[in-house]
Protein chains: 2
Amino acid sequence: MKHGLSETCHLFFSTLSNPTRLAILELLRDGPKNVTEISESLNQEQSMISHNLKPLERCRFIFSERRKKKRFYALNKETMESLFKTFTYHTQKYCPTKGKCLTVRGLQKQKKKAASGPLYVNRY
Amino acid sequence: MKHGLSETCHLFFSTLSNPTRLAILELLRDGPKNVTEISESLNQEQSMISHNLKPLERCRFIFSERRKKKRFYALNKETMESLFKTFTYHTQKYCPTKGKCLTVRGLQKQKKKAASGPLYVNRY
DNA sequence: CATTCATATGAATAATTATTCAATTGATGT
DNA sequence: ACATCAATTGAATAATTATTCATATGAATG
């Protein structure tokens with residue numbers, strides 16, 4: 001399926017939907033690191049890190065710069081902190097059970113408890 | 001690989017990294033719709049829509065409510081608009097070429113053009 | 001309570017995406 | 001130009017995720 005907006009949007013989010021890449025992003029919050037450092041910190045093959053850095057840079061979630069033999073990668077803080085902020089807020093509100101999202105069944109129970117307010121008013 | 005934060009984070013973003021689900025979310029910006037309406041609007045099988053609605057609801061990107069025989073789905077506007085805002089801002093800044101992200105090669109050219117400022121200062 | 005409309009589910013298959021391993025490229029210092 | 005360190009690439013395989021189709025459930029109404 002091809003949907004106008006969805007295409008770029010899909011690239012954006014699919015780049016974020018991978019544990020390795022998320023771990024890299026999380027790690028880079030501490031500051032720029034080169035490939036070997038990332039690879040060692042995350043205990044992953046260096047080539048795998050390289051493979052995953054590429055889409056991150058392509059989407060500009062990270063920036064890179066060569067310093068002598070090493071290439072350092074740095075977080076795009078503005079975008080990433082904004083995303084993490086939204087994520088954290090959302091999670092705390094809707095996934096209160098230790099970061100695990102509720103099951104749909106769980107949702108429905110909770111919905112009943114919450115009594116019936118007006119329709120489609122997202123109760124934040 | 002299992003990384004603390006990354007786990008929930010991965011569920012969050014992977015739920016968003018699918019063209020069908022993004023199309024659903026986009027559609028629901030116009031207001032609540034039932035499954036058949038969504039299915040018809042997007043020209044997709046009803047069962048596929050159902051399958052995709054589930055993870056969206058599980059992550060609480062949408063809410064649902066039964067109305068007689070129909071079940072209506074509504075966007076979690078707070079979270080989604082916040083994400084779309086970040087996405088749009090980021091895209092306009094970094095993916096100026098009609099929504100297509102730049103290639104890494106493209107990035108490097110642009111980097112050279114931009115002259116060499118101080119390291120790791122994300123130039124917004 | 002049988003029928004119809006609306007949605008959900010499960011399981012098989014198809015499609016996409018990740019990971020690994022081997023080889024290559026690139027930069028630097030001698 | 002060679003040796004070394006650092007990172008990237010490509011292609012094969014593995015793993016994950018999406019889609020389809022057939023069937024089941026669920027709610028409302030005559």
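Within every chain, numbering begins at 1; the chains are lettered A, B, ... in the order of the sequence lines, protein sequences first and strands thereafter.
- Taking atom CD on A:E40 and atom C1' on D:dA6, their separation rounds to 12 Å, with Å as the unit.
- Heavy-atom nearest nucleotides on DNA chain C were determined for A:S47 and for B:I49, and the one closer to the 5' end corresponds to B:I49.
- For A:T36 against D:dC5, no side-chain N or O and base N or O form a donor-acceptor pair under 3.5 Å.
- In this structure, B:L11 places its CG atom 10 Å from P of D:dT17, rounding to the nearest Å.
- The shortest distance between side-chain heavy atoms of B:F87 and A:C9 falls below 4.5 Å.
- Phosphate contact (OP1/OP2 of C:dA8, side-chain N/O of B:Y73, threshold under 4.0 Å): present.
- If you measure from atom CG of A:L22 to atom P of C:dA18, you get 11 Å, rounded to the nearest angstrom.
- A donor and an acceptor atom sit less than 3.5 Å apart, one in the side chain of B:Q46 and one in the base of C:dA8.
- At a threshold of 4.0 Å, the pair B:E37-B:K70 does not count as salt-bridged, since none of the basic side-chain nitrogens sits closer than that to a carboxylate oxygen.
- B:E78 and A:Y89 share a side-chain donor-acceptor pair at under 3.5 Å.
- Side-chain contact of B:N76 with B:R60: a donor-acceptor pair under 3.5 Å is absent, judged by distance alone.
- With hydrogens and angles ignored, a donor-acceptor pair closer than 3.5 Å exists between the side chain of B:H51 and the base of D:dT20.
- Residue B:R67 has no polar side-chain atom (N or O) positioned under 4.0 Å from OP1 or OP2 of C:dA6.
- An OP1 or OP2 oxygen of C:dG29 is reached within less than 4.0 angstrom by a side-chain nitrogen or oxygen of A:K68.
- Toward the 5' end of DNA chain C, the nearer of the two residues A:S17 and A:E45, judged by each one's closest nucleotide, is A:S17.
- For A:K70 and D:dC5, the NZ to C1' distance is 9 Å, given to the nearest whole Å.
- Listed candidates were C:dA8, D:dT19, C:dA18. Nearest to the side chain of B:T20 is D:dT19.
- At least one side-chain heavy atom of B:Q46 sits less than 4.5 Å from a side-chain heavy atom of B:V35.
- In this structure, B:N18 places its CG atom 9 Å from P of C:dT17, rounding to the nearest Å.
- In the set C:dT7, D:dT17, D:dA18, C:dT7 carries the atom at the smallest distance from any side-chain atom of B:V35.
- One can place CZ of B:R66 at 11 Å from C1' of C:dC5, the figure rounded to the nearest angstrom.
- A:M48 has its CE atom 15 Å from the C1' atom of D:dT13, to the nearest Å.
- Rounded to whole angstrom, the span from the CD1 atom of A:I38 across to the P atom of D:dA6 amounts to 14 Å.
- Here B:N52 reaches the OP1 or OP2 of D:dT19: one of its side-chain N or O atoms lies under 4.0 Å away.
- Contact annotation: side chain of B:K69 to base of C:dT7, donor-acceptor pair absent below 3.5 Å.
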